Participant: 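Before I ask anything, here is the structure I am working with.
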Amino acid sequence: MSENSLVEVVTGVDLLMEVIEEAIQSCYNSLGEELKTHNINSSQAIHNKKDAFARVEKICEFRDKVASLRPELNELMDKARRRHGRGRGTSKRRNYGKIPRGTRTSEEEFFRPILESLNEMGGAGSMTDVLDCVFKKMDSSLKDVDRKMLESNSKMPRWRNTAQFARNQMTKQGLLRGGSQRGIWEITDAGRQELVKMQERDVCAV
């Protein structure tokens with residue numbers, strides 16, 4: 001497979017991941033609307049809640065399968081670039097109608113603000129409180145595209161969606177606890193250690 005073809009595949013995977021994340025958020029939004037029309041303790045509301053969470057879990061499983069393709073694709077890209085004697089960023093991507101990869105703030109750039117926010121909050125906090133704290137830390141560095149609302153949710157800025165995806169990655173890496181109460185983000189010992197390393201790197205860079 002040529003380098004340009006690989007670039008298109010990687011672009012397609014990135015766009016698919018974004019669509020999947022939007023679908024997950026849409027499921028949660030639908031659940032919220034359904035609960036507004038029913039007594040939250042009614043059997044219908046409980047059934048709807050369980051059904052919605054089941055749908056989200058299925059979508060998350062599919063997202064994880066798609067995400068698992070990235071390391072292999074990155075390796076193929078590196079091999080193709082070495083074969084042609086080129087470095088990163090030399091190939092052009094097609095415009096698929098979504099924002100190009102690299103235009104928005106990456107998930108990895110949210111890692112430290114999330115870890116810092118949780119550390120300052122005593123180790124855990126609700127998603128809303130954590131994201132509010134993260135926004136204060138990143139407000140000056142967020143790009144215009146980060147502040148735009150998702151097409152699928154006119155009330156959800158893209159940066160919040162990216163931060164939630166970052167949280168999923170951090171959970172897989174053991175930086176955040178995966179078994180916390182739903183809606184609660186919690187730092188792990190590994191997450192605290194990683195934050196210390198980040199801070200030490202800043203000191204060494206001065």
Side-chain angles (χ1 to χ4, degrees), residues 10 13-14 17-18 20-25 27-29 31-32 49 53 56-75 78 88 101-143 145-147 150 153 155-206:
V10 172
V13 171
D14 288 343
M17 290 297 295
E18 182 174 348
I20 293 173
E21 288 300 319
E22 291 179 3
I24 292 173
Q25 187 60 47
C27 284
Y28 280 123
N29 292 339
L31 174 61
K49 183 176 181 180
F53 284 142
V56 171
E57 287 178 358
K58 288 293 185 182
I59 297 175
C60 287
E61 289 177 3
F62 179 67
R63 177 198 59 203
D64 293 343
K65 291 179 181 179
V66 175
S68 68
L69 299 174
R70 285 307 306 273
E72 184 176 355
L73 286 172
N74 289 339
E75 183 178 352
D78 289 340
R88 293 181 178 275
R101 184 171 182 265
T103 302
R104 65 178 173 83
T105 301
S106 68
E107 289 84 6
E108 289 75 13
E109 292 176 76
F110 282 85
F111 282 19
R112 180 166 179 172
I114 290 174
L115 292 174
E116 287 180 340
S117 298
L118 287 169
N119 194 51
E120 293 168 5
M121 296 170 68
S126 68
M127 179 183 73
T128 299
D129 290 342
V130 174
L131 290 180
D132 286 346
C133 189
V134 167
F135 178 74
K136 292 178 182 178
K137 294 178 180 297
M138 299 188 68
D139 187 17
S140 61
S141 62
L142 290 175
K143 303 171 184 178
V145 70
D146 295 318
R147 302 173 189 276
L150 297 174
N153 185 352
K155 296 181 180 180
M156 169 69 75
R158 188 180 300 281
W159 74 265
R160 289 181 71 95
N161 191 55
T162 306
Q164 291 178 48
F165 188 31
R167 185 259 181 185
N168 293 334
Q169 292 191 41
M170 295 171 75
T171 299
K172 292 178 185 177
Q173 296 180 23
L175 303 178
L176 300 184
R177 198 172 306 283
S180 301
Q181 179 183 348
R182 189 176 294 276
I184 299 297
W185 293 15
E186 184 177 0
I187 194 172
T188 63
D189 289 340
R192 290 190 175 90
Q193 293 172 8
E194 181 63 24
L195 177 58
V196 171
K197 291 179 182 178
M198 293 175 176
Q199 294 168 338
E200 289 177 344
R201 285 196 290 269
D202 281 353
V203 174
C204 293
V206 174

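Worth knowing before you read on, the calculation uses all heavy atoms, side chains too, and leaves out hydrogens, waters and symmetry mates. Keep in mind it's a predicted model, so treat the numbers as computed, not measured.
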Participant: Not counting sequence neighbours, which residues clear side chain to side chain contact (heavy atoms under 4.5 Å, CB included) with E109? List them please.
Facilitator: T105, S106
Participant: Taking only residues two or more places apart in sequence, or in another chain, which ones meet K172 in a side chain to side chain contact (heavy atoms under 4.5 Å, CB included)?
Facilitator: D64, A67
Participant: Which pair of non-hydrogen atoms, one from T171 and one from G178, has the smallest distance, and what is that distance?
Facilitator: CG2-CA, 3.4 Å
Participant: Just verifying a value: how many Å separate F165 CZ and M170 CE, rounded to the nearest 0.5 Å?
Facilitator: 13.0 Å
Participant: Sequence neighbours excluded, which residues qualify as side chain to side chain contact (heavy atoms under 4.5 Å, CB included) partners of T162?
Facilitator: R104, E107, F110, R158
Participant: Which residues pass the ring-ring contact (aromatic ring centres under 6.0 Å, His included) test with F62, not counting sequence neighbours?
Facilitator: none
Participant: May I have the step-by-step check of side chain to side chain contact (heavy atoms under 4.5 Å, CB included) for M198 and F111, ending in yes or no?
Facilitator: CA-CA 10 Å; M198 293 175 176; F111 282 19; 4.3 Å; yes
Participant: Could you pull out all residues at least two apart from K197 that satisfy side chain to side chain contact (heavy atoms under 4.5 Å, CB included)?
Facilitator: E194, R201
Participant: Tabulate below the donor-acceptor pairs under 3.5 Å that side-chain atoms of residues 117-128 make, not counting sequence neighbours, or state none.
Facilitator:
| from | atom 1 | to | atom 2 | distance (Å) |
| --- | --- | --- | --- | --- |
| S117 | OG | P113 | O | 2.7 |
| E120 | OE1 | K137 | NZ | 3.3 |
| E120 | OE2 | K137 | NZ | 2.8 |
| S126 | OG | D129 | N | 3.2 |
| S126 | OG | D129 | OD2 | 3.2 |

Participant: Using side chain to side chain donor-acceptor pair (under 3.5 Å) as the criterion, list what pairs up with R192, not counting sequence neighbours.
Facilitator: none
Participant: Hey, does E186 have a side-chain heavy atom less than 4.5 Å from the side chain of Q181?
Facilitator: no
Participant: Yes or no on side chain to side chain contact (heavy atoms under 4.5 Å, CB included) for M138 and I114, after CA distance, side-chain angles and deciding distance?
Facilitator: CA-CA 10 Å; M138 299 188 68; I114 290 174; over 6 Å; no
Participant: With the side chain counted from C-beta on, respond yes when K136 and C133 share a heavy-atom pair under 4.5 Å apart, and no when they do not.
Facilitator: no
Participant: Flag the pair V130 / I184 as yes when at least one side-chain heavy-atom distance between them is below 4.5 Å, and no otherwise.
Facilitator: no
Participant: Indicate the atoms forming the closest heavy-atom contact of I187 with L115, along with that distance.
Facilitator: CD1-CD2, 3.8 Å
Participant: For R167, which residues count as a side chain to side chain donor-acceptor pair (under 3.5 Å) partner, sequence neighbours excluded?
Facilitator: none
